[in-house]
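First the structure, in the form of structure tokens, and then the observations on it.
Sequence lines set the chain letters: A, B, ... in the order given, protein chains first and strands last, and positions in each chain run from 1.
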There are 2 protein chains.
Amino acid sequence: MKTITVLLADDHMVVRSGLKALLGTQPGIEVVAEAASGEEALALAGQHGPAVVMMDLAMGAGMDGIEAIKQLRQRNSGQAILVFTTYDSDADIVRAVDAGAMGYLLKDASPEEIFAAVRGAVQGQSVMSAPVASRLFQQLRNPDAILTPREAELLSLLTEGLSNRELGQRLFISEATVKTHLAHIYAKLGVETRSAAIATAIRREGMR
Amino acid sequence: MKTITVLLADDHMVVRSGLKALLGTQPGIEVVAEAASGEEALALAGQHGPAVVMMDLAMGAGMDGIEAIKQLRQRNSGQAILVFTTYDSDADIVRAVDAGAMGYLLKDASPEEIFAAVRGAVQGQSVMSAPVASRLFQQLRNPDAILTPREAELLSLLTEGLSNRELGQRLFISEATVKTHLAHIYAKLGVETRSAAIATAIRREGMR
DNA sequence: CGCCGCCTCAGCCATTTGGCTGATACTGCT
DNA sequence: AGCAGTATCAGCCAAATGGCTGAGGCGGCG
């Protein structure tokens, strides 16, 4: 069996070395590079051409994980991308999958889960942690509550406290469009105000 | 020099093994036990009597890190406790120090910082990551940023997504008074909108 | 006592937000 | 070709929010 090459992208040094130590115990899996930011991940992916990229979504300064995933996919260099992050936010899950992630693992996943996800990813399988799967499953049961990728993106920015104007500037759309998206989000979340949407997003979506 | 014994408490397996691998490279430091929860940390600390306990604050289910620190200190068994966590929330810092933590490190700390913190802790020194120190320093410089009890109460309800009218009803005060309190809160938090205040409250004050 | 911080309230005005209706365009699927 | 879903934008109007000034009552503290 061919050795699976892995690139780790996480701004926490201890997480990288932990993951590296863990994956190192498995024959057939080798960590070939480590990145501490989205930019670095893109550069190192180009150099090493790993089979799998394990990516944190929240990476301190600069490019975030979602953006890095998008750009990796645009290159079409065939890596399987696994999200490896702390929280199981509905919005993040939707955005990550939309960006092209193959799997979604939480950082409290067991070693077995992690190995299975890496091996599965190179074979084109999607593996996700149980809580993540549960969230998705729950969403499938009432489709009206599913936010579109764009809506999820907006909701995520909403929790940063931005105004409609700022949201528009950040997403390169007009304020009118922002308001349209917000109205849809409110309807889907079952709230009437921006504040309640933020509160709901944070408490229900795990954006802690 | 005597070997420094360390207990790791963190619900993320990869963080524990990363920290263990990292500390293992240092002669004179040895990880003697690992706990995945507050309860486990208490039990293992009793068994092994480590010189230093490195503790995450947010540990999935059960007892959280703050509570575990308090109980460890009550026993008076002389361990130095280092907080090792992801976020630098003002509230968490204050609570951790109050509970008896000797130092406060963020997970993106460099290996050198971590080694220095462990060695310093056994000698009774307090070591904290730069962003943490910066926050504390900032608070000491302008005490005006401290919310009054009433303001804190309002801010807490604000994060539930209530409107001014609802806030007034809930607190038995007029909408005008609500607005006054809000204006003061915005000034102290350095924001201009309700949404930003909610975001700040949640992210900075640890009301997750 | 007098000062100061906190909590309370009012009115005015500009800005922001939310509700509504309707419209164009692109995509994927049938 | 036609439909459904998504994303984009516009205009209008009512309601909520935020900024500003001013003010009374109350409790602690020098």
Handout entry: Minimum-distance nucleotide (side-chain atoms of A/Ile173 versus C/dT8, D/dC9, D/dA16)
Key = D/dC9
Exercise for the section: Take the protein atom NE2 of A/His184 and the nucleotide atom P of D/dT6, then report the distance between them rounded to whole Å. Expected result: 10 Å
Exercise for the section: Using a heavy-atom cut-off of under 4.0 Å over every strand shown, decide if B/Thr180 touches base, sugar-phosphate, or nothing. Expected result: base
Practice task
Indicate whether OP1 or OP2 belonging to D/dG5 is found under 4.0 Å from a side-chain N or O atom of A/Thr148.
Solution key: no
Problem - Short side-chain to backbone donor-acceptor contact, A/Glu175 and A/Gly168, under 3.5 Å - result: no
Exercise for the section: Look at A/Asn164 and C/dT16 and indicate whether a side-chain polar atom (N or O) is within less than 4.0 Å of OP1 or OP2. Expected result: no
Fill in the blank from the handout: B/Arg165 has its side chain closest, among D/dC9, D/dG18, D/dA16, to D/dA16
Exercise for the section: Send over the distance from A/Phe172 CZ to D/dC9 C1', rounded to a whole Å. Expected result: 18 Å
Problem - N/O donor-acceptor pair under 3.5 Å between B/Ser195 side chain and A/Leu162 backbone - result: no
Fill in the blank from the handout: Of C/dC7, D/dT8, C/dA10, the nucleotide closest to the side chain of A/His181 is D/dT8
Practice task
Identify which nucleotide among D/dT17, C/dC9, C/dT8 has an atom closest to any side-chain atom of B/Arg194, counting heavy atoms from C-beta outward.
Solution key: D/dT17
Fill in the blank from the handout: Taking D/dC12, D/dA7, C/dA10 as options, the one with an atom nearest any side-chain atom of B/Ala176 is C/dA10
Practice task
Check whether any side-chain N or O of A/Arg150 sits under 4.0 Å from OP1 or OP2 of D/dT6, and answer yes or no.
Solution key: no
Exercise for the section: Please report, rounded to the nearest Å, how far the P atom of D/dT17 is from the OH atom of B/Tyr186. Expected result: 8 Å
Practice task
Would you name the heavy atoms of B/Arg150 and B/Leu171 that are closest together and state the gap between them?
Solution key: NH2-O, 3.2 Å
Exercise for the section: Using a 4.0 Å heavy-atom cut-off across all strands, classify B/Glu175 as base, sugar-phosphate, or nothing. Expected result: nothing
Practice task
Return the value, rounded to whole Å, for the distance between atom CD1 of A/Ile198 and atom C1' of D/dA16.
Solution key: 15 Å
Handout entry: Check: A/Leu182 main-chain N/O paired with A/Arg194 side-chain donor or acceptor under 3.5 Å
Key = no
Exercise for the section: Return no unless some side-chain N or O of A/Thr177 is found under 4.0 Å from OP1 or OP2 of D/dT8. Expected result: no
Handout entry: B/Thr177 side chain to B/Thr180 side chain, donor-acceptor N/O pair below 3.5 angstrom
Key = no
